[in-house]
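These numbers come from a predicted model, not from an experiment.
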Amino acid sequence: MPDRQGLIRARLAGAHLATGDVLVFLDSHCEANEKWLEPLLQRIKEDRKAVLCPIIDVIDDKTLEYYSSNGDYFQIGGFNWNGHFTWIEIPEWEEDRKGSAIAPTRTPTMAGGLFAIDRRYFWEIGSYDSGMDIWGGENLEMSFRVWMCGGTLEIVPCSHVGHIFRNFHPYKFPGNKDTHGINTVRTVEVWMDQYKEYFYMHRPDLKEIDYGDIAERQFLRQRLKCKSFQWYLENIYPQKFIVDQNVIGFGTVRNPVTNLCLDTLNRDEDYPHAVGLFMCKSQKGVVMNQLFSLSNNFELRREENCAEVNYQPQKRQMKVMMIKCHGRRENQEWQHTKGGALVHVATGKCLDVTGSRAGKDVHVAPCHGGHSQIWWFEKYTDINPQISFKIEQ
């Protein structure tokens with residue numbers, strides 16, 4: 001490009017110049033493995049509306065060593081409500097559907113830069129949103145659009161490409177703009193219908209941002225007769241957790257005597273971390289650090305992480321840790337009655353504030369029915385399971 005246009009518009013420029021039947025997009029910091037292209041081309045030959053991603057192997061960002069996975073285990077793409085891509089496990093129904101370890105695997109989203117697509121279909125389905133600036137959000141936008149407008153998005157296990165993963169951006173953004181956030185606003189405004197409110201719960205700072213003109217993208221959606229985002233969640237990503245759906249209670253989780261609420265204490269939720277306590281904040285808007293749900297599967301959880309306790313028989317008190325939800329209950333199962341105790345089923349112990357304070361961790365302790373073990377969710381649904389537990393001396 002004659003001047004800096006950013007990743008998205010540079011890719012569009014390359015696609016305009018391309019003449020082959022298939023477009024393949026790769027980042028510059030990639031290393032293609034042996035026989036990586038043929039499986040992608042074969043699948044496009046079978047279905048021109050299939051958008052294909054390879055398995056992405058890791059290249060060490062310091063030594064450039066290539067770590068190749070064997071393909072027996074890999075993850076597919078998801079997203080969280082703050083607009084970022086995440087890796088998730090392949091659900092059991094998808095394993096059953098594909099029937100073979102080497103068959104293309106459907107994925108709700110793509111990681112970003114590595115994919116193959118029929119060239120004509122790329123333009124038919126809407127290419128990239130040229131209103132997006134520099135970098136960020138384009139992968140989720142394309143993922144939602146492909147699924148909602150009649151295509152499929154798949155990972156092909158027989159295709160491997162290495163990629164250098166970095167934990168920083170090696171370049172600056174013009175005017176220090178949050179291009180990822182602004183681009184994601186364009187995505188949610190065009191594609192996510194009423195579910196965009198869950199994004200704004202996490203990113204209220206972007207609710208009034210200038211995201212440009214989206215009329216052309218809205219017309220594209222209308223012209224292609226694309227399905228709703230609710231259809232996408234129900235059919236492509238049914239395991240996606242929504243804070244106020246299929247739950248027993250949600251919102252702040254408050255101990256009324258101390259006015260302490262469960263709180264993440266701004267800990268990095270990409271890693272296991274203890275559940276903390278902090279003074280309950282005024283509810284003029286959603287306080288994300290204190291937003292928890294009790295799911296119909298009896299999980300005390302946030303979006304991706306569930307509260308669990310690893311039993312230590314020698315201890316009366318044990319920390320409560322937030323770990324990736326596994327859906328099997330086991331040490332992530334809790335029981336609760338409205339305005340009563342939160343009981344960790346596997347240990348039989350109750351969530352307790354005794355001996356803790358704001359800024360410190362909460363724990364479980366032997367159940368005694370006292371005020372330190374009383375909890376109220378901000379909102380309850382009609383579901384209110386009854387429980388019984390043993391009060392220990």
Report task. State, with a plain yes or no, whether a side-chain heavy atom of Glu138 is found less than 4.5 Å away from one of Met142. Result -> no

Query raised in the report: Under 3.5 Å, is there a donor-acceptor pair between the side chain of Thr381 and the main chain of Gly249?
Result: no

Query raised in the report: Are side-chain N/O atoms of Gln222 and Gln218 paired as donor and acceptor at under 3.5 Å?
Result: no

Query raised in the report: Counting distance only, does the side-chain N/O of Ser293 pair as donor-acceptor with the main-chain N or O of Phe250 below 3.5 Å?
Result: no

Report summary line: Heavy atoms of Lys98 and Pro104 approach each other most closely as CB-O, 3.9 Å

Requested in this report: Under the ring pair (Phe, Tyr, Trp, His ring centres under 6.0 Å) rule, collect the residues that match up with Phe199, sequence neighbours excluded.
Outcome: none

Query raised in the report: With His363, which residues qualify under ring pair (Phe, Tyr, Trp, His ring centres under 6.0 Å), at least two apart?
Result: none

Query raised in the report: Once you round to the nearest 0.5 Å, how far does CD of Gln317 lie from OG of Ser356?
Result: 9.0 Å

**Report entry** Those residues that, when tested against Lys240, pass salt bridge (Lys or Arg N to Asp or Glu O under 4.0 Å) (two or more places apart)
**Finding:** Glu303, Glu304

Requested in this report: Please name all residues satisfying ring pair (Phe, Tyr, Trp, His ring centres under 6.0 Å) with Phe79, sequence neighbours left out, ordered by chain then number.
Outcome: Trp81, Phe144, Tyr237

**Report entry** Tyr198 vs Val188 side-chain heavy atoms within contact, under 4.5 Å
**Finding:** no

Query raised in the report: Should the heavy atoms of other residues, nucleotides or ligands under 6.0 Å from CD of Gln194 be counted, would the total exceed 12?
Result: yes

Query raised in the report: Under the side-chain contact (heavy atoms from CB on, under 4.5 Å) test, which residues partner Glu124, sequence neighbours left out?
Result: Arg48, Arg120, Tyr121

Report task. For residues Ala116 and Val24, report the shortest heavy-atom separation together with the two atoms involved. Result -> CB-CG2, 4.0 Å

Query raised in the report: So, does Asn183 use its side chain to make a donor-acceptor pair with the main chain of Asp133 at under 3.5 Å?
Result: yes

**Report entry** Arg302 to Phe292, cation-pi by 6.0 Å centre distance and 45° axis angle
**Finding:** yes

Report summary line: Residue pairs meeting salt bridge (Lys or Arg N to Asp or Glu O under 4.0 Å), one or both in residues 318-329, sequence neighbours left out, come to Lys319-Asp361, Arg328-Glu330, Arg329-Glu333

Query raised in the report: If you draw a 6.0 Å radius around CD in Glu38, do more than 12 non-hydrogen atoms from other residues or ligands fall strictly inside?
Result: yes

Query raised in the report: Rounded to the nearest 0.5 Å, how far does OG1 of Thr105 lie from CZ of Phe74?
Result: 3.5 Å

Query raised in the report: Side chain of Asp193, backbone of Tyr195: donor and acceptor closer than 3.5 Å?
Result: no

**Report entry** Side chain to side chain, Asn139 and Thr109, heavy atoms closer than 4.5 Å
**Finding:** no

Query raised in the report: Quick one: does Asn305's side chain have a donor or acceptor within less than 3.5 Å of a partner on Glu269's backbone?
Result: yes

Query - Results of side-chain contact (heavy atoms from CB on, under 4.5 Å) for Gln5 - residues two or more places apart only - result: Met1, Asp3, Arg9

Query raised in the report: Is there side-chain contact between Trp191 and Leu140, with heavy atoms separated by less than 4.5 Å?
Result: no

Residues 203-213, side-chain donor-acceptor partners within the protein, below 3.5 Å, at least two apart:
residue	atom	partner	partner atom	Å
Arg203	NE	Asp205	OD1	3.1
Arg203	NH2	Asp178	OD2	2.9
Arg203	NH2	Asp205	OD2	2.8
Lys207	NZ	Glu197	OE1	3.4
Asp210	OD1	Gly212	N	3.1
Asp213	OD1	Ala215	N	2.9

Query raised in the report: When you check the side-chain N and O atoms of Glu234 and Gln230, is any donor under 3.5 Å from an acceptor?
Result: yes

Query - Partner of Leu262 under side chain to side chain contact (heavy atoms under 4.5 Å, CB included), chosen from Leu300, Leu291, Asn255, Thr252 - result: Leu300

Query raised in the report: Hey, are the side chains of Arg145 and Arg217 touching, using non-hydrogen atoms and a 4.5 Å cut-off?
Result: yes

Query raised in the report: Taking only residues two or more places apart in sequence, or in another chain, which ones meet Cys226 in a disulfide (SG to SG under 2.5 Å)?
Result: Cys149

Query raised in the report: Has the side chain of Arg166 got a donor or acceptor atom that lies under 3.5 Å from a matching backbone atom of Asp61?
Result: no

Query - Residue among His344, Glu299, Glu308 satisfying side chain to side chain donor-acceptor pair (under 3.5 Å) with Gln332 - result: Glu308

Query raised in the report: Which word best sums up how the rings of Phe377 and His336 line up, parallel for under 30°, tilted for 30 to 60°, or perpendicular for over 60°?
Result: perpendicular

**Report entry** Minimum heavy-atom distance between Ile59 and Gly162, given as atom pair plus value
**Finding:** CD1-C, 3.5 Å

**Report entry** Modelled atom types, side-chain donor and acceptor of Thr354 and Asp352, under 3.5 Å
**Finding:** yes

Query raised in the report: In terms of side-chain geometry, is the basic nitrogen of Glu378 or Arg254 positioned less than 4.0 Å from the acidic oxygen of its partner?
Result: no

Requested in this report: Check the surroundings of atom NE2 in His371: do more than 12 heavy atoms from other residues, nucleotides or ligands lie under 6.0 Å from it?
Outcome: no

Requested in this report: Decide yes or no for Arg186 and Glu141: does some side-chain heavy atom of the first lie under 4.5 Å from some side-chain heavy atom of the second?
Outcome: no

Query raised in the report: So if you build clusters from Ile, Leu, Val, Met, Phe, Trp, Tyr with side-chain heavy-atom gaps below 4.5 Å, do Met279 and Val257 land together?
Result: no

Query raised in the report: Hey, is the main chain of His368 close enough, under 3.5 Å, to the side chain of Gln373 for a donor-acceptor pair?
Result: yes

Query - salt bridge (Lys or Arg N to Asp or Glu O under 4.0 Å) pairs, two or more places apart, involving residues 16-33 - result: Arg11-Asp27

Query - For Pro108 against Leu153, the heavy-atom pair lying closest together - result: O-CD2, 4.1 Å

Query raised in the report: Closest heavy-atom contact between Val243 and Phe241?
Result: CA-CE2, 3.8 Å

Report task. Could you check if a side-chain atom of Ser143 sits within less than 4.5 angstrom of a side-chain atom of Phe85, using non-hydrogen atoms only? Result -> no

Query - Inter- and intrachain pairs under ring pair (Phe, Tyr, Trp, His ring centres under 6.0 Å), touching residues 36-68, at least two apart - result: none

Query raised in the report: Is the gap between the ring centers of His163 and Phe165 under 6.0 Å?
Result: yes

Query raised in the report: Quick one: are Trp147 and Thr107 in side-chain contact, heavy atoms under 4.5 Å?
Result: no

Query raised in the report: Looking at Asn33, Ile56, Leu26, which one forms a side chain to side chain contact (heavy atoms under 4.5 Å, CB included) with Val161?
Result: Leu26

Query - disulfide bond (SG atoms under 2.5 Å apart) contacts in which one or both residues fall within residues 30-68, not counting sequence neighbours - result: none

Report task. Give a yes or no on whether the backbone of Glu94 and the side-chain of Arg106 come within a donor-acceptor separation of less than 3.5 Å. Result -> no

Query raised in the report: Which atom pair, heavy atoms only, marks the closest approach of Arg301 to Cys306?
Result: CB-SG, 3.6 Å

**Report entry** Side-chain donor/acceptor of Ser295 to backbone N/O of Asn297, under 3.5 Å
**Finding:** yes

Report task. Enter the distance from Asp118:CG to Trp123:CH2 here, rounded to the nearest 0.5 Å. Result -> 12.5 Å

